[in-house]
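For reference, the structure is listed below as structure tokens.
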Amino acid sequence: MATKDDYLVETLCDMGLLDGDQVDTARTSGELLGQGIVETLVKQKAIHPDQLCRARALHFGMELVDLQDVQPTDELVQAMPRHIARRFNVLPLGVNETQLTVATADPSDLEMMDGLQRMLPTFEILFQVATDPQIQASLEKFYGGTGEAVERVVQELSQTQVDVDAVLGAKGRKPTEAELDAEMDSPLVRLVAKIIAEGYKQGCSDVHIEPFERSLRVRYRVDGSLRAVESPPLRLHPPIISRIKIMSGMSISEKRVPQDGRMQQLIGEKVIDFRVSCLPTQYGESIVMRILDKGGLSLGLDQLGFMRDDQETFERCAQMPDGILLVTGPTGSGKTTTLYSCLNLLNTPQKKIITVEDPVEYMLDGINQVQVNEAAGMTFSAALRSMLRQAPNIIMLGEIRDAETGTIAVNASLTGHFVFSTLHTNDAPGAITRMVDLGIKPFLVSSATRCVMAQRLVRKICSKCGESCELTEGDLLALEITPEQAASANFRKGAGCKNCGGSGLKGRMGIFEVYALNDTDRRMIIDGAPTADLRAHAIKCGMKSLRADGVRKVLAGTTIAKEVITNTSADEKE
């Protein structure tokens, strides 16, 4: 009687991938080892797993699908919960009101098909074929790597409910970390470590833990985009939050006001710093842990994404003996990384550098760093006044927030110091108007400001799967790319691979607008020229706008049109 392996071998032979001698040899070896013929053929490398997958799809008349292009969505994850996908080793591909399409590595497994249909009776399930390695990698991408740890914690704590408040009341004092570990049980401690380590492994910048009415959600921000992963049950929210608060030096008895803290976590052989924020919400406390990885701060300016002309202008301005250099952009646009890269460039034994930050995110050797403490009276302006008595060559202010701070910074820059700082404005010339609006005299702004740079972050094309492509007519029009530019361009996109999680994009780079002021700009500032006039003159003198710099990087094949269009939509027309 023929088995399913026999039918599959017959299909492989029809495809020209096997001959009779190979089949006979594998059959004999399999019988001696107690293995099926197909398993033996794969182990003997007579056929490749990808060839086997194609044969299964052909034999059962199913479509063969490449999972590298499949992206996880909330709709798919909700249609097929993680425990079902893991149990049957299938991946959801598409869903509507009546049908659910899934990928399987073994379409001959009737027991799997029947079981899946019984557990999801509201859908008609349609099957496609994919390789088992791709299914395993995609399951990690869809559901994250914390699922197994979550399931173990739920099982191990099924008989025990941790009550942190009861622990506090019984002890009458704040417990030590060792005491809290013992009370909260080791599985939960391992779960918190797993959530943090998995986020770092996926290259995230922030770990978000958010409570809602009926669920707890864990999300990782990877390359600027939030990605939901398998989350613990809602009942574990209080002990998870308490564990993190203890690790970061917060009060676990205070649940009504926001708190901030810092912590370190050993991940592999590397100690990683985290900045932790706790915010009371309607359904409980929300935690955000920002990963402070010093690796990004060792980058040179050329590795941040500068084109040669902008880098030369920026470096020349950053090395002036006095004046102010401002970096502008929204939260999360990479301003801190850029400023610290500048400080690394300038950090020599011959120069004294002092920073005032709120908070101090990265500890740097050779640089004096001051933490703002409003409660103790250590404000930006107070710290700035005191540091001037320390005779620094270079000062970095985390942000110019008010007229007092801005005026002191300007006066410092006019008395032989070079000042770096940030502002929240949409473009570079807008920073001039913003400083005047804060109450700083226009003639002081004009005299002190050497350079303003606006920046955004865009995702880079994956280095492993990048390939040539053509831009759509809509993208060409949106970016105002001329036929002459397109003819000599190196347009690229990412095909999607394991390295980039199937997105085709991996890592981020900056797009920049470098505004180096000249004498005409200074006269215009004193005369009260509006931002639009300053911008028009700067572009006339050679400044590349954020959109224009992004276009240059699309033409060079380092990012895609969609990233530039999305991140520069507020640019004014030149």
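Note that the structure is a prediction, hence the values are computed from the model and not measured.
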Just checking, is any N or O donor in the side chain of Glu399 or Ser421 under 3.5 Å from an acceptor N or O on the other one? no

Separation of Gln259 CD from Ser248 OG (nearest 0.5 Å): 8.0 Å

Just wondering, do Phe420 and Leu346 contact through their side chains at under 4.5 Å, heavy atoms? yes

May I have all residue pairs that pass ring pair (Phe, Tyr, Trp, His ring centres under 6.0 Å) and include part of residues 246-274, sequence neighbours excluded? none

Let me see the working for Asp549 and Arg456 under salt bridge (Lys or Arg N to Asp or Glu O under 4.0 Å), right down to the final yes or no. CA-CA 11 Å; Asp549 190 46; Arg456 301 290 188 276; over 6 Å; no

Can you give me the closest heavy-atom contact between Val419 and Ala409, atom names plus distance? CG2-O, 3.8 Å

Separation of Lys506 NZ from Ser463 OG (nearest 0.5 Å): 9.0 Å

Taking Thr407 for its side chain and Glu404 for its backbone only, find out whether a donor-acceptor pair lies under 3.5 Å. no

4.5 Å side-chain heavy-atom contact, Val218 and His208: no

Does any donor atom in the side chain of Asp402 or Thr405 lie under 3.5 Å from an acceptor atom in the other side chain? yes

Backbone N/O of Leu292 and side chain of Asp273: donor-acceptor pair under 3.5 Å: no

Taking the side chain as every heavy atom from C-beta outward, state whether Arg86 and Leu139 have any pair of such atoms under 4.5 Å apart. yes

Which residues pass the side chain to side chain contact (heavy atoms under 4.5 Å, CB included) test with Pro133, not counting sequence neighbours? Thr131

Please check if the side chain of Arg547 supplies one atom and the backbone of Thr568 the other of a donor-acceptor pair under 3.5 Å. yes

So, for Gly406 and Ile400, which heavy atoms are closest and what is the spacing to 0.1 Å? CA-CG2, 3.7 Å

Thr281 versus Ser286, closest heavy-atom pair with distance: CG2-CB, 3.8 Å

Heavy-atom count around Lys351 NZ within 6.0 Å, excluding the residue itself: above 12? yes

As a quick check of understanding, evaluate side chain to side chain donor-acceptor pair (under 3.5 Å) for Gln369 and Glu357, giving each step before the final call. CA-CA 7 Å; Gln369 296 172 271; Glu357 304 168 68; 3.2 Å; yes

Can you find a pair of side-chain heavy atoms, one from Pro233 and one from Leu216, that are under 4.5 Å apart? no

Flag yes if more than 12 heavy atoms outside Lys352 fall under 6.0 Å of its NZ atom; otherwise flag no. yes

For the pair Thr338 (side chain) and Gly334 (backbone), establish whether a donor and an acceptor sit closer than 3.5 Å, ignoring hydrogens and angles. yes

Test side chain to side chain contact (heavy atoms under 4.5 Å, CB included) on Arg508 and Glu563 and set out the steps. CA-CA 10 Å; Arg508 291 191 289 177; Glu563 284 291 302; over 6 Å; no

Check for a donor-acceptor pair, side chain of Lys255 on one end and backbone N or O of Pro280 on the other, with a separation under 3.5 Å. no

Would a 4.5 Å heavy-atom cut-off, applied to side chains only, mark Val288 and Val276 as touching? no

Would you check if there is a donor-acceptor pair between the side chains of Gln311 and Glu315 at a distance under 3.5 Å? yes

Atom pair SG/CE of Cys342 and Met396 - distance to nearest 0.5 Å: 10.0 Å

Rounded distance [0.5 Å steps], OG1 in Thr422 versus CG in Leu325: 11.5 Å

Does a side-chain N-to-carboxylate-O contact under 4.0 Å join Asp206 and Arg219? no

Are Arg434 and Asp427 ion-paired here, with the side-chain N under 4.0 Å from a carboxylate O? no

Carboxylate-amine/guanidinium proximity below 4.0 Å for Glu285 and Lys245: yes

Between Arg450 and Ile324, is a side chain to side chain contact (heavy atoms under 4.5 Å, CB included) present by the stated rule, with each step listed? CA-CA 6 Å; Arg450 300 288 179 262; Ile324 289 181; over 6 Å; no

Quick one: CD1 on Ile244 to CD on Gln265, what's the gap to the nearest 0.5 Å? 9.5 Å

Just by distance, no angles: are the side chains of Gln455 and Glu513 close enough, under 3.5 Å, to form a donor-acceptor pair? no

Shortest non-hydrogen separation from Val564 to Gly550 and the atoms involved: CG2-O, 3.6 Å

Main chain of Met387, side chain of Asn368: is a donor-acceptor contact present, judged purely on distance under 3.5 Å? no

With no hydrogens and no angle check, is any side-chain donor or acceptor of Tyr200 less than 3.5 Å from a backbone partner on Ile195? no

Just how far is it from atom NZ of Lys201 to atom CD1 of Ile196, taken to the nearest 0.5 Å? 15.5 Å

Can you confirm whether Met378 is buried at CE, in the sense that more than 12 heavy atoms of other residues, nucleotides or ligands lie under 6.0 Å from that atom? no

Could you go step by step and tell me if Met247 and Gln264 meet the side chain to side chain contact (heavy atoms under 4.5 Å, CB included) rule? CA-CA 8 Å; Met247 293 170 66; Gln264 291 185 327; over 6 Å; no

Over all heavy atoms of both residues, which pair between Ile461 and Gly466 is shortest? Give the atoms and the distance, please. CG2-CA, 3.9 Å

Can you tell me if Lys553 has over 12 outside heavy atoms packed within less than 6.0 Å of its NZ? yes

Just do the side chain to side chain contact (heavy atoms under 4.5 Å, CB included) check on Met80 and Val90 with the steps written out, would you? CA-CA 10 Å; Met80 177 173 286; Val90 294; 3.8 Å; yes

For the backbone of Asn393 and the side chain of His417, can you confirm whether one donor and one acceptor N or O come within less than 3.5 Å of each other? no

Any chance the side chains of Asn89 and Gln136 put a donor and an acceptor closer than 3.5 Å? yes

So, do Ser215 and Leu234 sit near enough that their side-chain heavy atoms are less than 4.5 Å apart? no

Donor-acceptor check, side chain of Asp223 to backbone of Arg459, threshold 3.5 angstrom: yes or no? no

Work out which heavy atom in Ala103 is nearest to a heavy atom in Leu67; give both atom names and the distance. CB-CD2, 4.1 Å

Test item: Arg227 side-chain N/O and Tyr220 main-chain N/O as donor-acceptor pair under 3.5 Å: no

